[in-house]
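Read through the structure below, which is laid out as structure tokens, and then see the notes.
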Amino acid sequence: MNSYLYVKVNDIPILLEGNSVFEIISSDNQKASLSSGHIEWRGSVLPIVSVREMLEMDERISVSESVGVVYRVEEKQLAFLLVDQVEYLTKLKKGDFRPLLGIPKKTAEYFDHVYCEEDKCAPMAYLLKQPIPMHHSSH
């Protein structure tokens, strides 16, 4: 079993690989940095990646409503992922995931598997790909 952080963007449930999550930070504390497109974290400068922007959704009126997740987006690169909500940490088996087939190109760019509960495969949560394509990222 692997750990996953269950987050939401708009009403879309997304799973982040738990071993790639380093810290969850309220963006209330980071308002000044957020507008610059990067944030300083423990001596490193991290790019800010808005998952809403990645998925071409409207940005929130106030960034202070978002939560930041320090997340490994590539083998040696961390980023500050902005999501709407962090729900909980969960353990799931690889067999709980199914491939996403016949989905729009934009969605397929970031997600390729979906978590399914038992035999019902109504998407319970989308698994964010590793590494994350960074070309649509940040403010």
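Both backbone and side-chain heavy atoms feed into the values below; hydrogens, waters and symmetry mates do not.
- Scanning all heavy atoms of the two residues, the minimum distance from Tyr71 to Val21 falls at CD1-CG2, 3.7 Å.
- Proximity of Val7 to Glu87: side-chain heavy atoms (C-beta onward) are nowhere separated by under 4.5 Å.
- Looking at heavy atoms from C-beta onward, Val70 lies in side-chain contact with Leu46 at the 4.5 angstrom threshold.
- Across every non-hydrogen atom of Val73 and Ala79, the tightest pair is CG1-CB, 3.7 Å.
- Put simply, CG on Asp96 and CG on Asn2 are 10.5 Å apart, with the number rounded to the nearest 0.5 Å.
- Applying the salt bridge (Lys or Arg N to Asp or Glu O under 4.0 Å) criterion to Glu23, with sequence neighbours excluded, gives Arg42.
- Heavy-atom minimum distance, Val83 versus Val69: CG2-CG2, 4.3 Å.
- Nearest approach of Leu78 to Trp41, heavy atoms of both residues: CD1-CZ3, 3.5 Å.
- Using a 4.5 Å heavy-atom threshold, the side chains of Leu92 and Leu15 count as touching.
- Here the OG-CD distance, from Ser44 to Gln77, works out to 11.0 Å after rounding to the nearest 0.5 Å.
- In this structure a side-chain-to-backbone donor-acceptor pair under 3.5 Å is present from Asp84 to Asn10.
- Ring centroid separation for the pair Phe97 and Tyr4 comes in under the 6.0 Å cut-off.
- Side-chain contact check for Glu53 versus Ile48: every heavy-atom pair is 4.5 Å or farther apart.
- Under the side chain to side chain donor-acceptor pair (under 3.5 Å) criterion, Lys91 pairs with Ser3, not counting sequence neighbours.
- In the hydrophobic clustering of this structure, Phe80 groups with Phe22; members are Ile, Leu, Val, Met, Phe, Trp, Tyr whose side-chain heavy atoms approach within less than 4.5 Å, directly or through other members.
- The shortest side-chain heavy-atom distance between Tyr126 and Ile12 falls under the 4.5 Å cut-off.
- Heavy atoms only, all atoms of each residue included: Tyr6 and Pro13 are closest at OH-CB, 3.1 Å.
- Within the structure, the salt bridge (charged side-chain N to carboxylate O under 4.0 Å, His left out) test picks out no pair touching residues 3-21 (sequence neighbours left out).
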When you look at Val114 and Leu127, which way does the side-chain contact (heavy atoms from CB on, under 4.5 Å) test go after all the steps? CA-CA 6 Å; Val114 64; Leu127 180 61; over 6 Å; no
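- Val45 and Ile25 end up in different hydrophobic clusters when Ile, Leu, Val, Met, Phe, Trp and Tyr side chains are linked at under 4.5 Å.
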Stepwise, does the side-chain contact (heavy atoms from CB on, under 4.5 Å) test hold for Val51 with Leu82? CA-CA 6 Å; Val51 178; Leu82 278 180; over 6 Å; no
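- Taken to the nearest 0.5 Å, the OH atom of Tyr115 stands 9.0 Å off from the NZ atom of Lys93.
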For Val49 and Met54, what are the C-alpha separation, side-chain angles and deciding distance, and is it a side-chain contact (heavy atoms from CB on, under 4.5 Å)? CA-CA 8 Å; Val49 178; Met54 270 177 29; 3.5 Å; yes
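- Minimum heavy-atom separation, Tyr110 to Leu55: CD1-CD2, 4.1 Å.
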